[in-house]
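Okay, structure first, notes after.
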Amino acid sequence: QVQLVESGGGLVQVGGSLRLSCVASKSIYDSDALRWYRQGQGKARELVATMTSGGATTYADSVTGRFIIFRDNAKNTGYLQMNSLQLDDTGVYYCNDQRTDKDGRRYDFWGQGTRVTVSS
């Protein structure tokens, strides 16, 4: 089991920035991939950004060029730097840690979410 704790959400005006953090209870060096998802009011949860164990990153089209996913293995922490925030970025952001055990079974661990509200 891996516990994930997100923080860094809050209220910000359009054009502002926030940095979300996701602290894992176990070394993220052993993670296959770290992902950030978000869910807006009345919307399905969507994938925002992914960082693989090798450091490759991918982003949803809607956040490309504005958001950056990165991690600090020494702190067991993943981050999502969000710049030029827009109203549509409002939602609850979830951290996801995907791992594979020695038997090849894949597991997904989730944090409790942190709310981001962008106001005009």
Side-chain angles (χ1 to χ4, degrees):
Q1 281 286 348
V2 178
Q3 282 76 48
L4 303 173
V5 179
E6 299 109 329
S7 62
L11 176 64
V12 64
Q13 290 188 322
V14 170
S17 298
L18 284 175
R19 177 177 292 182
L20 307 183
S21 300
C22 172
V23 180
S25 60
K26 295 185 178 179
S27 173
I28 61 173
Y29 183 81
D30 297 322
S31 173
D32 296 333
L34 186 68
R35 296 183 173 91
W36 287 93
Y37 288 77
R38 70 184 178 190
Q39 187 165 20
Q41 186 72 27
K43 299 180 180 179
R45 188 173 295 190
E46 64 171 335
L47 177 62
V48 174
T50 299
M51 172 172 270
T52 68
S53 57
T57 58
T58 56
Y59 299 91
D61 289 344
S62 59
V63 307
T64 297
R66 300 188 297 120
F67 290 12
I68 301 171
I69 185 171
F70 62 102
R71 67 185 183 215
D72 185 334
N73 289 342
K75 295 182 178 180
N76 292 336
T77 302
Y79 301 92
L80 185 68
Q81 176 67 41
M82 306 188 295
N83 302 318
S84 302
L85 284 162
Q86 304 169 0
L87 294 175
D88 286 346
D89 296 319
T90 294
V92 179
Y93 284 70
Y94 298 90
C95 176
N96 167 269
D97 182 337
Q98 187 176 76
R99 298 179 184 235
T100 304
D101 68 13
K102 57 181 175 60
D103 298 317
R105 290 170 297 197
R106 183 165 289 178
Y107 295 89
D108 281 287
F109 301 98
W110 295 87
Q112 82 287 355
T114 185
R115 183 174 297 278
V116 172
T117 303
V118 184
S119 65
S120 58

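Numbers for residues simply follow the sequence, beginning at 1.
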Checklist entry - Is it the case that one hydrophobic cluster holds both L34 and V2, taking links as side-chain heavy atoms less than 4.5 Å apart, direct or via other members? => result no
Checklist entry - Can you find a pair of side-chain heavy atoms, one from Q3 and one from K26, that are under 4.5 Å apart? => result no
Next on the checklist: Quick check against the 3.5 Å criterion: does N83 have a side-chain atom that pairs as donor or acceptor with the backbone of G16?
Outcome noted: no
Item to check | Co-membership, hydrophobic cluster, residues M51 and L20, 4.5 Å side-chain | outcome: yes
Next on the checklist: Under the rule for salt bridge (Lys or Arg N to Asp or Glu O under 4.0 Å), what residues qualify as partners of R19, not counting sequence neighbours?
Outcome noted: none
Item to check | Within 6.0 angstrom of D103 CG, more than 12 heavy atoms from elsewhere | outcome: yes
Next on the checklist: What verdict does the side chain to side chain donor-acceptor pair (under 3.5 Å) test give for D32 and T100, after you've listed the backbone C-alpha separation in whole Å, the side-chain angles of each residue and the deciding distance to 0.1 Å?
Outcome noted: CA-CA 7 Å; D32 296 333; T100 304; 2.5 Å; yes
Checklist entry - Do R106 and D108 sit within salt-bridge range, that is, some charged N less than 4.0 Å from a carboxylate O? => result no
Next on the checklist: On a heavy-atom basis, which atom in I28 and which in A24 lie closest, and how many Å separate them?
Outcome noted: CG2-CB, 3.6 Å
Next on the checklist: With no hydrogens and no angle check, just 3.5 Å: does a side-chain donor-acceptor pair link R38 and Y93?
Outcome noted: yes
Item to check | Heavy-atom pair with the smallest gap, counting every atom of S53 and S31 | outcome: CB-O, 3.3 Å
Item to check | Full working for side-chain contact (heavy atoms from CB on, under 4.5 Å) between F109 and Q1 | outcome: CA-CA 8 Å; F109 301 98; Q1 281 286 348; 3.6 Å; yes
Item to check | Single-linkage hydrophobic cluster, 4.5 Å side-chain cutoff, V92 and Y79 together | outcome: no
Next on the checklist: One pair to check against side chain to side chain donor-acceptor pair (under 3.5 Å): T77 and D72. What are the steps and the verdict?
Outcome noted: CA-CA 5 Å; T77 302; D72 185 334; over 6 Å; no
Next on the checklist: I'd like to know if F67 and Y94 are part of one continuous hydrophobic network [Ile/Leu/Val/Met/Phe/Trp/Tyr, side-chain heavy atoms within less than 4.5 Å].
Outcome noted: no
Next on the checklist: Are the side chains of S17 and Q81 in contact, using a 4.5 Å heavy-atom criterion?
Outcome noted: yes
Checklist outcome for this item: Nearest heavy-atom approach of V116 to G9 is CG2-CA, 4.1 Å
Checklist entry - What distance do C22 atom SG and R71 atom CZ have between them, rounded to the nearest 0.5 Å? => result 12.0 Å
Checklist entry - What heavy-atom pair brings D89 and S84 nearest, and what distance separates the two atoms? => result OD2-O, 4.3 Å
Checklist entry - Within a strict 4.5 Å, meaning less than it, do heavy atoms of the I68 and L80 side chains meet? => result no
Checklist entry - How close do Q39 and K43 get, heavy atom to heavy atom, and via which atoms? => result NE2-O, 3.1 Å
Item to check | Same apolar cluster (I L V M F W Y, side chains within < 4.5 Å links), V48/Y59 | outcome: yes
Item to check | Contact summary for L87 and V118, nearest pair of heavy atoms | outcome: CD2-O, 3.3 Å
Checklist entry - Can you tell if the side chain of V14 reaches within under 4.5 Å of the side chain of S119, non-hydrogen atoms only? => result no
Checklist entry - T64 side chain to A60 main-chain N or O, any donor-acceptor pair under 3.5 Å? => result yes
Item to check | Atom pair CD (Q98) and OG1 (T52), whose distance is rounded to the nearest 0.5 Å | outcome: 11.0 Å
Item to check | Atom pair CG/CD of L4 and Q112 - distance to nearest 0.5 Å | outcome: 8.5 Å
Checklist outcome for this item: OG of S62 to CG of D88, rounded to nearest 0.5 Å, is 8.5 Å
Next on the checklist: Quick one, W36 and E6 - any side-chain contact, counting heavy atoms below 4.5 Å?
Outcome noted: yes
Item to check | Other residues, nucleotides, ligands: >12 heavy atoms within 6.0 Å of R45 CZ | outcome: yes
Checklist entry - Do the ring centers of W110 and Y37 come within less than 6.0 Å of each other? => result yes
